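Below, read A as the first sequence line, B as the second, and so on, with proteins coming before strands; counting in each chain starts at 1. Computed over heavy atoms, backbone and side chain alike; hydrogens, waters and symmetry mates excluded. Model, not experiment: these values are computed from the prediction.
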Amino acid sequence: MKNLQRAGLALLAVGLAAVPFVASDTLVQFGINALLVATLTQGWNIIGGFTGYPSFGNSVFYGLGTYGTAIAMAQLHLPFGVGLVAGGVLGVAFALLFGIPILRLRGPYFAIATLGLAAVMSAIVATIGFAGKNIGLILPLFRGDTLFYELSLVLLVAATGTVAWLARSRFGAGLVAIREDEDAAQVMGINTTMYKVGALALAAFFSSLAGGIHAYWITFIDPGSAFDPTLNVRMVIMTLFGGPGTIFGPVLGSFVLSAVSEVLASKVSTVASLFYGFVIVLAVVFMPKGLLDLFQGFRHSGFRYFAQNMRRFRL
Amino acid sequence: MTAPIFEVKGLTKKFRGLTALSDVTFQVAPGEILGLIGPNGAGKTTLISLISGTLLPTAGEIHFEGRRIDGLPAFKRARLGIGRTFQVMKPFPGLSVLENVTVGALFGATEGQEKKRAKARELARELLEFTGLTRHAEQRADQLGGPDRKRLEFAKALALHPKLLLLDEVMAGLNHVEVDEVVALIRKIRDRKVTILVIEHVMKAIRNLSDRLLVIHHGQQIAQGKVDEVLADQRVVEAYLGKRRQ
């Protein structure tokens with residue numbers, strides 16, 4: 001059974017890797033976006049899903065990744081590889097620096113503080129001449145959607161691999177304990193501060209690299225799009241939709257919702273966002289533990305699954 | 001008295017203007033059970049929190065195995081071998097009973113040995129057997145009933161391999177039969193060479209269990225010593241029942 005699962009996953013990865021060689025340009029471009037958003041979602045899963053800290057600051061890591069890469073390439077004329085590293089370093093350094101004070105806050109207070117961070121960063125960047133002020137930066141043009149696609153896929157696989165490791169490692173067990181009860185975790189010997197900062201840094205690492213890839217692909221960035229708070233909202237919704245704290249839930253959730261919003265935006269743009277909101281309300285009421293749990297629960301108890309959920313969560 | 005495993009000197013805790021605990025001093029010998037009693041709001045839980053490190057003292061010293069620990073963060077004290085239970089029980093609600101205990105084994109005082117999850121789980125299973133929770137191993141912690149939750153608190157604290165165990169009102173809300181079970185369990189734990197500091201309101205149990213008693217009232221330490229002597233002490237009686245009218 002386990003081998004069968006592994007084989008299935010490998011086949012899926014190969015299938016995804018083959019997409020740019022067989023599919024249309026539009027589909028590949030949709031794919032790049034979906035893969036990058038899935039990576040961001042997986043990053044949110046580490047701090048939000050496993051550690052239980054509802055971060056609205058992950059879009060800051062993404063933004064720093066885009067700016068790190070863009071400044072290195074557009075202003076310093078460095079190669080893309082160096083730019084990507086610069087973006088990653090910037091994101092992780094920010095997580096380490098601000099994680100320590102901000103992770104002292106819990107629950108909604110933490111969420112609000114991180115939300116503030118995103119707004120402040122966008123305002124600060126808009127005043128720095130070196131970062132193109134509020135006009136933004138233009139990166140050298142590079143046409144190679146296949147490369148961007150494969151790079152994004154590798155990043156998503158790495159992020160998912162990291163989460164799979166979390167699910168079975170001592171570090172991951174510590175994070176889950178913090179999510180379940182931080183005081184109890186502390187007196188059981190878990191260095192909660194270090195673990196939380198570590199989780200945030202991991203999330204920052206994947207988010208900023210996704211930002212770096214996106215910057216070079218799209219070749220133009222400005223403060224508004226780099227530090228877009230709605231991007232962070234999407235990470236949260238997609239994680240919750242797929243199944244927070246699971247390995248594949250966030251990936252599944254982000255693929256499904258990316259596809260839904262793509263189709264809706266092209267067909268019926270006016271009611272698209274309305275429908276999106278509707279889907280989320282239904283998801284929260286009928287499957288509060290996410291898609292993965294829905295599949296497992298449905299196989300087990302059929303339509304009664306929904307009734308059980310409503311009873312269990314008193315909806 | 002043999003050299004104490006644990007010692008508190010002049011321990012004081014102030015919350016802004018309120019002095020919750022003032023100048024508390026005592027020692028605990030290895031393998032001893034020290035009962036900590038006092039009326040509600042006396043500062044008993046504050047004392048346990050100061051020892052386990054979830055609160056930091058305003059003044060005073062705490063020594064454990066000859067080492068000063070009052071500046072250490074809670075997780076380091078846990079790794080040295082100080083385990084505690086919470087009065088308001090704190091299980092990891094969404095995890096199974098087995099996983100709850102496994103976490104303690106992964107991070108406890110035997111660090112290095114139990115880093116592997118399989119090994120930690122093995123130890124956790126032993127502790128579930130020891131505390132009588134084996135048949136609930138796969139159940140979610142928040143679905144346990146009251147007495148089983150108390151057992152889970154024990155199992156979690158024991159998973160650390162503590163040398164000193166701090167028990168905060170583990171018998172509150174239990175019926176007679178259940179109290180007797182917990183008393184037996186605490187004795188069994190002492191037989192494993194664990195030193196125990198126990199807060200309790202159930203007089204029968206504390207009388208049965210404790211080697212010595214420490215009484216706190218309004219944050220002041222008012223008596224300390226042999227169980228019967230302390231319970232006969234005029235100040236202790238007054239603290240619980242009020243002054244007799246002349």
Side-chain angles (χ1 to χ4, degrees), chain A residues 2 45 48-54 100 103-104 106-107 164-199 240 243-246 249 288-290 292-293 296-297 300 308-309 311-314, chain B residues 48-49 51-55 72-86 88-96 99-112 114-121 140-143 152-153 155-162 165-166 168:
Chain A
K2 218 163 196 182
N45 188 31
F50 275 81
T51 323
Y53 272 74
I100 292 167
L103 285 165
R104 296 173 70 95
R106 294 187 185 180
W165 168 75
L166 282 183
R168 45 184 305 170
S169 67
R170 186 165 174 266
F171 181 68
L175 297 184
V176 170
I178 291 171
R179 176 188 75 200
E180 295 292 324
D181 194 307
E182 195 167 339
D183 296 325
Q186 230 173 18
V187 302
M188 293 184 85
I190 298 169
N191 186 349
T192 50
T193 309
M194 201 182 82
Y195 272 56
K196 287 186 291 184
V197 173
L240 298 183
T246 61
K289 296 195 74 186
L292 274 191
D293 191 65
Q296 280 157 9
H300 191 253
Q308 280 167 4
N309 260 341
R311 208 174 313 130
R312 174 144 44 118
F313 297 98
R314 304 212 168 85
Chain B
I48 287 221
S49 295
I51 297 170
S52 68
T54 46
L55 287 177
L72 295 179
F75 76 91
K76 282 199 179 151
R77 298 189 202 187
R79 287 180 187 181
L80 285 178
I82 300 181
R84 79 169 279 186
T85 67
F86 286 94
V88 181
M89 289 163 284
K90 288 180 177 294
F92 301 126
L95 302 185
S96 77
E99 283 167 333
N100 261 275
V101 183
T102 305
V103 170
L106 274 171
F107 291 92
T110 51
E111 210 201 330
E114 325 290 0
K115 276 188 178 173
K116 287 265 179 299
R117 272 204 180 192
K119 187 97 199 303
R121 206 168 286 142
R140 272 171 57 120
D142 57 0
Q143 287 169 351
L152 179 58
E153 281 284 302
K156 281 174 68 185
L158 286 175
L160 288 171
H161 268 300
L165 186 60
L166 313 167
D168 194 353

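Summarising the geometry, atom CD1 belonging to A:Ile190 is positioned 10.5 Å from atom CZ belonging to B:Phe75; distances are rounded to the nearest 0.5 Å.
B:Lys156 touches chain A through backbone and side chain together, each having a heavy atom under 4.5 Å away. Neither the backbone nor the side chain of A:Thr193 comes within contact range of chain B; no heavy atom of the residue lies under 4.5 Å from a heavy atom of that chain. Using a 4.5 Å cut-off between heavy atoms, B:Pro93 touches chain A through backbone and side chain atoms alike.
Annotation: salt bridge (Lys or Arg N to Asp or Glu O under 4.0 Å) contacts involving residues 182-194 of chain A, sequence neighbours excluded, comprise A:Arg106-A:Glu182, A:Arg106-A:Asp183, A:Glu182-A:Lys196, A:Asp183-B:Lys90.
In terms of heavy atoms, A:Ala177 sits closest to B:Val103 at CB-CG1, 3.9 Å. Summarising the geometry of B:Thr54 relative to A:Gln186, their closest heavy-atom pair is CG2-OE1, 4.2 Å, with the distance given to 0.1 Å. Residues B:Pro91 and A:Asp181 come closest through the heavy atom pair O-CB, 4.1 Å. Residues A:Gly189 and B:Ala78 come closest through the heavy atom pair N-CB, 3.4 Å.
Among A:Arg179, A:Met188, A:Arg168, the residue with the largest count of heavy-atom pairs under 4.5 Å with chain B is A:Met188. With chain B as partner, the option from A:Val187, A:Thr192, A:Asn191, A:Val176 having the largest number of non-hydrogen pairs under 4.5 angstrom is A:Asn191.
Among residues two or more places apart in sequence or in another chain, the side-chain hydrogen bond (donor to acceptor under 3.5 Å, both in side chains) test is passed with A:Glu180 by none.
Between B:Phe107 and A:Tyr195, the distance separating the two ring centers is shorter than 6.0 angstrom.
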